[in-house]
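Since the structure comes first, as structure tokens, the remarks are kept for the end.
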There are 2 protein chains.
Amino acid sequence: MAEDGTSKTATHIDVPDQVNEGVTTCQLREVLDRVGDKWSVLIMALLGSGPRRYSELRRSIDGISQRMLTLTLRSLERDGLVIRTVTPTTPPRVDYELTPVGLTLSREVSSLIRWADEHREYISVSRRSYDAG
Amino acid sequence: MAEDGTSKTATHIDVPDQVNEGVTTCQLREVLDRVGDKWSVLIMALLGSGPRRYSELRRSIDGISQRMLTLTLRSLERDGLVIRTVTPTTPPRVDYELTPVGLTLSREVSSLIRWADEHREYISVSRRSYDAG
DNA sequence: CGGTATCCTCATAGATACTG
DNA sequence: CAGTATCTATGAGGATACCG
């Protein structure tokens, strides 16, 4: 992949080795910023287990403001990861669901959340230890 | 896991379903913020393929400032994800390597980077399409 | 119900200069 | 080489109010 000769001591992953290749880093940033914001991961994980109404998402995600929920959903929609469906009843109803590609990202972030869940105690202990010594 | 009865239409993932359970969300935030910052993912991915010197990381990660590199590395060290080894020669030499737990996170973020790499074109097209229509 | 529109704040991170 | 110390600003995100 990396046509660069400096292949260091690559042990186990096939990530682009030179993250500074210009194209790679910049394009990567665009996408990592998508998943790096405060709410996308949680929203994607929730939608991973089925479509949700706007109000359901709002209630499910503790601490999110209406503004950020809308902004994040719009951004995910723009990236082709979720589909927004408006049912023009009164009062209106809006459902959000993952696209096929969105589903694959959802699986990734769910895996990450699982990791976080499994290691939060370890991290917590590490922090206390570090802050002490 | 979630002892709550409202198990909605869970289809395929085993993520904590109620992300607003207080404990879950807060603890999750702590850890997600770790991986959600601008540079951690890239650093973890790089260290995933072996130890690196400070200067190597600096050169490998395009656009990172000395300040942010140090801050991020310290934070990762504090969380028990990387180990910092100082060799007090002149000039000094400092190596960073993953802990066993760090390695597992590295695998997660590498997977995420792979996803980003595979779907950046799709996302790019989606954005243009959204911005047009 | 499902949003916009504003305003405002505070943390993240860049630039620059200095040091053991 | 591998940092630390400031100083600054930019923008992500919260609070609040209003709208179709």
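In what follows, chains carry the letters A, B, and so on, assigned in the order in which the sequence lines appear, proteins first and then strands, with residues in each chain numbered from 1.
With hydrogens and angles ignored, the 3.5 Å screen pairs a side-chain donor or acceptor of B:S110 with a backbone N or O of B:S106. With hydrogens and angles ignored, the 3.5 Å screen pairs a side-chain donor or acceptor of B:Y122 with a backbone N or O of A:G80. With hydrogens and angles disregarded, no donor-acceptor distance shorter than 3.5 Å links the side chain of A:S129 to the backbone of A:V125.
We find that CG of B:D37 is positioned 13 Å from C1' of C:dA11, with the value rounded to whole Å. The interatomic distance linking B:I64 (CD1) with C:dA15 (C1') rounds to 15 Å, in whole Å. Taking atom CZ of residue B:R67 and atom P of nucleotide C:dC18, one finds them 18 Å apart after rounding to whole Å. The distance between atom CG of B:L69 and atom C1' of C:dG14, rounded to the nearest whole Å, is 14 Å. Nucleotide C:dG3 holds its C1' atom 10 Å from the CZ atom of A:R58, rounded to whole Å. In this structure, A:M68 atom CE and C:dC8 atom P are separated by 19 Å, rounded to whole Å. One atom, CG of A:L71, and another, P of D:dG14, lie 11 Å apart when rounded to the nearest Å. Look at CH2 on B:W39: it is 9 Å from C1' on C:dA13, rounded to the nearest Å.
Remark: the B:S124 side chain and the B:R128 side chain contain an N/O donor-acceptor pair separated by less than 3.5 Å.
Just one of B:L73, B:L76, B:V109 meets the side-chain contact (heavy atoms from CB on, under 4.5 Å) condition when paired with B:S40; it is B:L76.
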Dump every N/O contact between nucleotides 1-3 of chain D and the protein below 3.5 Å, one line per pair.
| unit_1 | atom_1 | unit_2 | atom_2 | d |
| --- | --- | --- | --- | --- |
| D:dC1 | O3' | B:R53 | NH2 | 3.1 |
| D:dC1 | O3' | B:P92 | O | 3.3 |
| D:dA2 | OP1 | B:R53 | NE | 3.2 |
| D:dA2 | OP1 | B:R53 | NH2 | 3.0 |
| D:dA2 | OP1 | B:V94 | N | 3.3 |
| D:dA2 | OP2 | B:S55 | N | 2.9 |
| D:dA2 | OP2 | B:S55 | OG | 2.7 |
| D:dA2 | N7 | B:Q66 | NE2 | 3.4 |
| D:dG3 | OP1 | B:R74 | NH2 | 3.4 |
| D:dG3 | OP1 | B:R84 | NE | 3.2 |
| D:dG3 | OP1 | B:R84 | NH2 | 2.6 |
| D:dG3 | OP2 | B:Y96 | OH | 2.7 |
| D:dG3 | O3' | B:R74 | NH2 | 3.4 |
| D:dG3 | N7 | B:Q66 | OE1 | 3.4 |
| D:dG3 | N7 | B:Q66 | NE2 | 2.3 |

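With salt bridges taken as basic N to acidic carboxylate O contacts below 4.0 Å, none links A:R52 and A:D95.
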